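Here's the structure, in structure tokens; my notes come after.
Note on naming: letters A, B, ... go to the chains in the order of the sequence lines (proteins, then strands), and numbering restarts at 1 for each one. Everything numeric here is computed off the predicted structure, so don't read it as measured data.
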Protein chains: 2
Amino acid sequence: MATRVWNDQTGPARYVAPDPDFWDPKLSDAARRLLGSAVLCFARNGFYGTRTRDISAGAKLSAGSLYTMFDSKEAVFFEITRSGHIDTLACLNADPGDGTPTERLQRLVSIYVEWHARYHTVGRACQHDLAVLTEEHFAEIVELRHQIEAIFRNVVEEGAKDNTFDAADIDGVLRAIHSLSIDVTRWYGLDGTESPQSIAALYSKFALRIATPPPSS
Amino acid sequence: MATRVWNDQTGPARYVAPDPDFWDPKLSDAARRLLGSAVLCFARNGFYGTRTRDISAGAKLSAGSLYTMFDSKEAVFFEITRSGHIDTLACLNADPGDGTPTERLQRLVSIYVEWHARYHTVGRACQHDLAVLTEEHFAEIVELRHQIEAIFRNVVEEGAKDNTFDAADIDGVLRAIHSLSIDVTRWYGLDGTESPQSIAALYSKFALRIATPPPSS
DNA sequence: CAATTGACTGAGCGCTTGCTTACCGGGCAT
DNA sequence: ATGCCCGGTAAGCAAGCGCTCAGTCAATTG
């Protein structure tokens, strides 16, 4: 049988939740346990496929306790996506931002991909299920996404200006790099055993190839 | 405001279903209308987020009529993913398969990406929700996916053999190209107005860049 | 010690879900 | 005309859903 690199495993998914201190420190221990359980449920079965009882059971709490800490199931989901986007933004902003556009893009993609592999369950919620949010919550997430996109756009545009990157397809390059990076959340935990770092190294190399036109053209 | 290339639109999604004759010709007209309605519902809200009543209402049928044509909601979903994978495979196999690995990979990715843009609603079901299938149905889909992967692997391995493609990371290249291609189903219909053909042209170019190591390295 | 608090419980409400069943009407061979 | 499929309907069932709320009890306060 050929090596398989697509998500076609049939066993149980090896999804893992972030450490409790990934979540907002203002939340109680129980609330953070709830988020850890919820993010696993959402990654496995999506928003509509998870029951509030599954979430509370996973945190060793009763069914009603969820509603002492969150207004609704949607509020739980929102808190996950909010934390996820804020943490992503913080990781990207921690980059010094020096060096050539090539060096900077490689570092940014590396950070971004490693984040999506390490926090693949959070990433799934952030990238694949935003449509379940209320209009207000969705708008708040979109604002964060624009900030994240602007970081990448800034580097790609600068690289286009000095002709290291493809100036003709900046939007296409940005979208392709984004696609490449976040699709990690779809298969990570299902397929393969690579470390977040090795995936980040490989994919940031690919991102540079996407952005850089071959010399012949 | 900066151009936005991520899925952050707030209006209604512009999802479109395939023509009725996309579906198995053995099925009745009503059954194909049902599938057309179902694929839109599933694309919008996922498997667990759509009710069987939404599906039948979209086909202008009563609630019970779904069960005169399909055994269950899962059977409807399976029929969609089955048809989708079979059609994808047929489109890829229609390629003559001649020319250099570069030419062949470009054509294959172009076909694959155009398919996922044109049939973005079917593609969403095929790429993002397979976990809802029963074990038997899932195994059937996985078999089709292996055939699809083998087509791409064949070309990439051949290109690696004659040093046009990256021989060190064949699995990584395959997965990256796959990620790039199928992520189209996540944003197409939500964001942007490009034609399937123009996306296919751009992304097949990117796929070649991913597979081809830069001369310096 | 009694009084108060607050995190947590779990039975259960109102409603929705996937699916079943009893039924209907028109075309068709006899 | 008659009987009979057959594609489709309408009503409804049992189970499950998100969410509520009166109540429990250990910890804290005075």
**Prompt:** Can you tell me how far C1' of C:dC8 sits from CG of A:L34, to the nearest Å?
**Reply:** 12 Å
**Prompt:** Would a line drawn from the ring center of A:Y112 to the ring center of A:Y203 be shorter than 6.0 Å?
**Reply:** no
**Prompt:** For the pair made of CZ in A:R33 and P in C:dA7, what is the distance, rounded to whole Å?
**Reply:** 13 Å
**Request:** Let me know the distance between CD1 of A:I55 and P of D:dC17, rounded to the nearest Å.
**Result:** 12 Å
**Fill in**
Quick note, A:S62 side chain, CB onward, closest among C:dC19, D:dA10, C:dG10 is C:dG10
**Asked** Over how many whole Å does the gap from B:M69 atom CE to D:dC6 atom C1' extend?
**Response** 11 Å
**Item:** Lys/Arg-Asp/Glu bridge criterion (N-O < 4.0 Å) met for A:D19, A:R118
**Value:** no
**Asked** How would you label the contact of B:S72 with the nucleic acid (heavy atoms, under 4.0 Å): base, sugar-phosphate, or nothing?
**Response** sugar-phosphate
**Prompt:** Of all the choices, D:dG18, C:dC8, D:dT9, which nucleotide is nearest to the side chain of A:L61 once you look at every atom?
**Reply:** C:dC8
**Request:** Give a yes or no on whether a salt bridge exists between A:R186 and B:D183, defined as a side-chain N under 4.0 angstrom from a carboxylate O.
**Result:** no
**Asked** A:L66 or B:K60: which one's nearest nucleotide on DNA chain D is closer to the 5' end?
**Response** B:K60
**Message:** Expressed as a whole number of angstroms, how long is the span from A:F70:CZ to C:dC8:C1'?
**Reply:** 15 Å
**Prompt:** Does a nitrogen or oxygen in the side chain of A:T68 sit under 4.0 Å from OP1 or OP2 of C:dA7?
**Reply:** no
**Asked** Under 4.0 Å: is that the gap between some side-chain N or O of B:T52 and OP1 or OP2 of C:dG18?
**Response** yes
**Message:** Is B:Y67 close enough to C:dT20 that one of its side-chain N or O atoms is under 4.0 Å from OP1 or OP2 there?
**Reply:** no
**Message:** Applying a 4.0 Å non-hydrogen cut-off, can you work out what A:S56 is touching in the nucleic acid: base, sugar-phosphate, or nothing?
**Reply:** nothing
**Prompt:** Whole Å only: how far is the CG atom of A:D71 from the P atom of D:dG18?
**Reply:** 16 Å
**Request:** Consider the side chain of A:R51, meaning its heavy atoms from C-beta on, and name the nucleotide among D:dC17, C:dC8, D:dC19 that approaches it most closely.
**Result:** D:dC17
**Message:** Does B:E149 form a side-chain hydrogen bond (donor to acceptor under 3.5 Å, both in side chains) with B:H178? I'd like the steps, not just the answer.
**Reply:** CA-CA 9 Å; B:E149 185 190 346; B:H178 186 229; over 6 Å; no
**Asked** Any idea which of C:dG18, C:dC8, D:dT20 is nearest the B:K73 side chain?
**Response** C:dG18
**Request:** Under the side-chain hydrogen bond (donor to acceptor under 3.5 Å, both in side chains) rule, what do B:S110 and B:E114 come out as? Steps first, then yes or no, please.
**Result:** CA-CA 6 Å; B:S110 182; B:E114 183 175 335; 4.9 Å; no
**Request:** Figure out the CZ/C1' separation between B:R53 and C:dG18, and round it to whole Å.
**Result:** 7 Å
